[in-house]
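Just so we're clear, the structure is a prediction, and the values are computed from it rather than from any experiment.
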Amino acid sequence: MAGGHAPAPEWTGIDKVVRGYFPQDYQLAMAVLGGYFTLITISMIPGKKKPVKEEAKPAAPAATTGSSEILSVDMAEIFEGEVFEKIMSDDETFNKFLGG
């Protein structure tokens with residue numbers, strides 16, 4: 001009842017050359033995976049890229065309703081100086097500021 005291994009197949013062509021370097025199946029599988037890993041890694045290396053010229057974008061016009069100068073002020077400027085006081089002093093202007 002002694003178990004034995006099947007005889008090694010007779011390799012021909014490219015199989016014979018490859019199996020000369022990697023005689024076991026697991027060795028051949030690792031060589032193929034290593035080759036794929038190498039190709040993928042090399043493809044991920046960034047090459048020389050041309051610098052992209054950025055064109056100056058025109059500033060977007062401020063949305064105004066034409067009824068009040070306060071609505072055309074940037075948010076950063078609202079809490080500085082007289083603009084904030086104008087908003088807080090009048091109920092109608094305060095409601096426009098809140099969007100109501």
>> Apply the hydrophobic cluster definition, ILVMFWY joined by side-chain contacts under 4.5 Å directly or through others, and give me every member besides Ile40.
In response: Met44
> Can you list every pair that meets side-chain hydrogen bond (donor to acceptor under 3.5 Å, both in side chains) and has a residue in residues 19-33, with sequence neighbours left out?
Replying inline: Arg19-Asp25
> Out of curiosity, Tyr36 OH to Thr41 OG1, how far, rounded to the nearest 0.5 Å?
Replying inline: 14.5 Å
